[in-house]
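Lettering of chains follows the sequences in order, A, B, ..., and the numbering in each one begins at 1.
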Amino acid sequence: MKIATYNVNGVNGRLPVLLRWLAESQPDVVCLQELKAPEEKFPEQAILDAGYNAIWHGQKSWNGVAILARNAELQEVRRALPGDEEDLHSRYIEAIVNGILVACLYLPNGNPAPGPKLDYKMKWFERLTIHAAELMEFGVPVVMAGDYNVMPTEIDVYKPERWVDDALFRPEVRAAFKTLVDQGWTDALRKLHPNEVIYTFWDYFRNAFGRNAGLRIDHFLLSPHLDKRLLAAGVDRHVRGWEKSSDHAPTWIELADE
DNA sequence: ATGTCCTCTCTTAGAGGA
C-alpha cells in the first residue's frame, strides 16, 4: 500500500497538477494540506472521477486538509486536534483506511518568530504530542502524515546556519519534534535514507528549486506496527518542476500488506 | 527588504500568508 502526503498550496489552483500526479503515481491513500478552499469549494467530483473517495476539512483562504483513498472506504474519526475548542484552523483530520489510522496534519508555520504565531505553533505541537501518545496507546497501526513545518536536523536544510532563527528550525521547534518522535514513532524517510539529503519543499523565491535550496518539512511518522511494514519511501521531486507546481513535492511511503 | 505564488475583497490592486 502506497500512502502519500502533498501540501498542494491551493487545491483548486493546483487541480490539474494534482490530477496529473494522482494518475501517474497512483497512491492508495493521500493526505493533502493547504487546500485554501472553504468546505463547499473542495473539488469533490474531480477527485471522485479520478477514482478517489475523499473527506476534507476546509476553511476560507487558508489551511484545509483532506484524506483521499482509492478503492477503499474512509471512516472519519475526527476533524480537529483535541485540546482547544477555540482553535478554528482546519489543520487536522483523521480517518481509518484499510485498517490503518491515518492522521493528516498541517502544523502551523510559526513565522515571524518570536511572536504570537510561534506561540500558537508550540501550543499546537503540545496538543499533537498529547494526542499522538493516545494514538500510540490504542494499539492500532497509525501513520501521522503531513506538513510539520519543521526541519528535524541540519541535514534537512540547504543552509542550516541561515535558518536557526526561523520558526521552522529554531531549537525549541526541533526539540518539540524530537519529543514527539521519541514516543516511539519512526521518521519513515529518514529511517530508509539515513544519510541522504532529502527535500520536500523549495521556495518559489530566487529559483530555489533550480538551486536545490530545499527543506525537508513533510514527514511520515509511523507507529511500531507500521515501522515493521515499511518497504520504501521517497519524494516525487520531479512534480515540483511541473508548470504551476506547488512549492512542496509529493512525498510517499510504501507499506507491506499484512 | 527582497524575491513568488495563492486566495480573497471594501475586486482587476492590494493585503495577508507562506
Requested in this report: Would you give a per-nucleotide map of nucleotides 8-18 of chain B, 5' to 3', where B means the base has a protein non-hydrogen atom under 4.0 Å away, S means only the sugar-phosphate does, and - means neither?
Outcome: SS-------BB
Using the [atom1] atoms only, state how far [M] lies from [N], rounded to an integer number of Å.
{"N": "dC6(B)", "M": "dA1(B)", "atom1": "P", "value": "26 Å"}
{"N": "dT9(B)", "M": "dT2(B)", "atom1": "C1'", "value": "26 Å"}
{"N": "dG16(B)", "M": "dT11(B)", "atom1": "P", "value": "15 Å"}
{"N": "dC8(B)", "M": "dT12(B)", "atom1": "C1'", "value": "13 Å"}
{"N": "dC5(B)", "M": "dC10(B)", "atom1": "C1'", "value": "23 Å"}

Pairing residues for [X] by the ring-ring contact (aromatic ring centres under 6.0 Å, His included) criterion, not counting sequence neighbours:
{"X": "H225(A)", "answer": "none"}
{"X": "W252(A)", "answer": "none"}
{"X": "H248(A)", "answer": "F201(A)"}

Query - Side chain R79(A), main chain I93(A), donor-acceptor under 3.5 Å - result: no
Query raised in the report: Taking the side chain from R240(A) and the backbone from W202(A), do they hold a donor-acceptor pair closer than 3.5 Å?
Result: yes
Requested in this report: Give me the other members of the hydrophobic cluster that L88(A) sits in, counting Ile, Leu, Val, Met, Phe, Trp and Tyr linked by side-chain heavy atoms under 4.5 Å, directly or via other members.
Outcome: none
**Report entry** Verdict with supporting geometry, I3(A) and D28(A), side chain to side chain contact (heavy atoms under 4.5 Å, CB included)
**Finding:** CA-CA 6 Å; I3(A) 307 178; D28(A) 297 291; 6.0 Å; no
Query raised in the report: What is the distance, rounded to the nearest whole Å, between atom CG of N207(A) and atom C1' of dC5(B)?
Result: 15 Å
Query raised in the report: Just how far, in rounded Å, is C1' of dC5(B) from CG of L35(A)?
Result: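 That distance rounds to 17 Å.
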Requested in this report: Convert the base pairs of DNA chain B into dot-bracket notation, remembering that pairs crossing earlier ones are written with [ ] and that bases paired across to another strand are shown as |; include only Watson-Crick or G-U pairs under 3.5 Å.
Outcome: ...((((((...))))))
Query raised in the report: Using 4.0 Å as the upper bound for N to carboxylate O, is an ion pair formed by R14(A) and E34(A)?
Result: no
